[in-house]
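Please read all numbers here as calculations on a predicted model, not as lab measurements. To find a chain, count down the sequence lines: A is the first, B the second, and so on, and within it residues start at 1.
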There are 2 protein chains.
Amino acid sequence: MSLRHAALGLLTFGPASGYDLLQTFHGSLANVWPATQSQLYGELGKLAEAGLVTVTEEGARRRKEYTLTADGLAELKHWLVDVEPSMPRRSDMLLRVFFLNVIDLAQAEEYLRGREAEAIEYHASLRATQEQIAPETMDLAVYGRIALEWGLRLTEMQREWAVWAQEELAKVKKA
Amino acid sequence: MSLRHAALGLLTFGPASGYDLLQTFHGSLANVWPATQSQLYGELGKLAEAGLVTVTEEGARRRKEYTLTADGLAELKHWLVDVEPSMPRRSDMLLRVFFLNVIDLAQAEEYLRGREAEAIEYHASLRATQEQIAPETMDLAVYGRIALEWGLRLTEMQREWAVWAQEELAKVKKA
DNA sequence: GTTTCCATGTAATCTGTTACATGATTCT
DNA sequence: AGAATCATGTAACAGATTACATGGAAAC
């Protein structure tokens with residue numbers, strides 16, 4: 001049920017069309033809550049039906065501009081304050097780790113090297129994003145920076161973990 | 001498509017019934033790839049149809065014992081070695097961070113304190129699991145330990161991040 | 001004998017992805 | 001004139017959750 005809240009949240013920055021919101025979902029929000037066009041248009045329809053947003057302008061090319069209603073804002077605040085966030089559980093990356101004994105040690109090490117490389121790469125891409133946005137907006141986007149920092153720390157953690165895990169495997173190899 | 005591989009992976013430890021596997025999905029695998037009864041029984045049916053597992057014994061109470069086939073093992077290895085794992089993107093916990101400007105600073109700080117507490121609690125529960133299993137199996141379960149370590153590091157990272165984020169907000173408050 | 005555990009299955013619903021379909025406007 | 005971009009929508013399907021339904025076997 002979070003896509004609806006993501007949409008409501010984006011509309012707090014001002015009225016926007018489905019198409020506008022989609023750019024954000026494919027941009028800054030892609031790392032946190034990706035959404036497809038299909039899904040977003042459907043959700044905006046439901047949101048309008050529920051009275052959490054309203055169509056405030058119909059422009060060229062059938063463009064509909066949605067605006068957050070008081071009910072919508074209330075729902076968003078409720079979600080922010082009262083609904084317990086859930087830790088994301090599913091990770092096919094970790095699931096594979098459980099079954100690495102099925103393949104041989106060399107392949108398992110290769111897998112972990114891959115996770116290390118992946119972490120480094122993703123970390124670098126987040127760092128690049130950070131350097132693009134940081135200078136312009138000093139504390140307007142505090143919360144954006146805080147979210148980004150989570151990603152930087154996650155990827156750094158994964159890199160360190162992958163290195164550590166490779167060392168653990170090296171120990172097993174010796175014994 | 002990972003539930004099927006989780007099931008295949010568990011069957012490498014030996015034949016088991018849907019019910020048996022379900023215990024594992026609700027136990028050690030719950031943190032990595034939870035699955036419901038409904039879904040698992042359905043998947044086992046499909047897996048049998050596809051020839052990746054076979055029913056090797058029908059016991060009391062309609063119990064069916066599934067065994068991994070050579071095709072099943074091959075598919076599992078293929079998934080382990082050739083299919084790129086995906087980083088889990090969606091996090092409603094981080095999505096909320098993007099919209100914390102909607103609520104006031106005190107509430108935002110409260111949110112971050114909550115994340116800190118959550119991380120501490122989850123970390124402790126993982127630590128407890130670690131201490132339960134570690135003594136028995138020294139290196140039989142290397143990969144289990146490696147997966148668990150990821151969780152320990154993740155939760156520690158989140159705790160530190162939450163503390164840091166609260167400090168960032170304190171700076172904003174002053175200014 | 002009744003509660004608990006073993007054991008499997010179906011149906012309804014929700015969320016999300018991919019693909020298909022359409023058309024207006026702007027830019028070159 | 002043709003390409004790129006703006007803009008919205010539908011359909012089919014896959015994956016996951018919740019609830020419903022059933023019944024055998026063991027334990028107390």
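Of the residues in residues 75-89 of chain A, not one comes within less than 4.0 Å of DNA chain D through any heavy atom. Of the residues in residues 4-29 of chain A, not one comes within less than 4.0 Å of DNA chain C through any heavy atom.
If you take OH of B:Tyr66 and P of C:dA7, they are 13 Å apart, rounded to a whole angstrom. B:Leu47 has its CG atom 14 Å from the P atom of C:dT8, to the nearest Å.
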Any protein N or O atoms within reach of nucleotides 23-28 of chain D? Criterion: under 3.5 Å, listing atom names and distances.
from	atom 1	to	atom 2	distance (Å)
D:dA25	O4'	B:Arg61	NE	2.8

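For the pair B:Thr56 and B:Thr67, the tightest heavy-atom approach, listed with the atom from each and the gap, is OG1-OG1, 2.6 Å. In terms of heavy atoms, B:His5 sits closest to A:Phe99 at O-CE1, 4.0 Å. Shown here for A:Ala16 and A:Leu11, the closest heavy-atom pair between the two residues is N-CD2, 3.7 Å. Closest heavy-atom contact between B:Thr69 and B:Gly51: OG1-O, 2.8 Å. When all heavy atoms are compared, the tightest approach of A:Leu73 to A:Thr12 is CD1-CG2, 4.3 Å. Across every non-hydrogen atom of A:Gly18 and A:Leu40, the tightest pair is O-CD2, 3.5 Å.
Residue B:Arg63 has a polar side-chain atom (N or O) positioned under 4.0 Å from OP1 or OP2 of C:dA7.
Listed by first then second residue, pairs satisfying ring-ring contact (aromatic ring centres under 6.0 Å, His included) with a partner in residues 7-47 of chain A number zero, not counting sequence neighbours. Sorted by first and then second residue, the pairs that involve residues 163-172 of chain A and meet side chain to side chain donor-acceptor pair (under 3.5 Å), not counting sequence neighbours, are A:Glu116-A:Gln166, A:Glu168-A:Lys171.
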Side chain to side chain donor-acceptor pair (under 3.5 Å) between A:Tyr122 and A:Asn31, worked out: CA-CA 11 Å; A:Tyr122 196 21; A:Asn31 300 302; 3.1 Å; yes
Worked check of side chain to side chain contact (heavy atoms under 4.5 Å, CB included) between B:Lys77 and A:Gln107: CA-CA 10 Å; B:Lys77 284 185 179 173; A:Gln107 285 179 305; over 6 Å; no
Worked check of side chain to side chain contact (heavy atoms under 4.5 Å, CB included) between B:Asp92 and B:Arg96: CA-CA 6 Å; B:Asp92 63 290; B:Arg96 280 179 178 80; 2.6 Å; yes
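Taking the charged nitrogens against the carboxylate oxygens, B:Glu156 and B:Arg153 have no contact shorter than 4.0 Å, which rules out a salt bridge.
Looking at heavy atoms from C-beta onward, A:Arg159 lies out of side-chain contact with A:His123 at the 4.5 angstrom threshold.
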Summary of protein contacts for nucleotides 10-18 of chain C, nucleotide by nucleotide, where a base hit scores B, a sugar-phosphate-only hit scores S (4.0 Å, heavy atoms): BB---SSBB
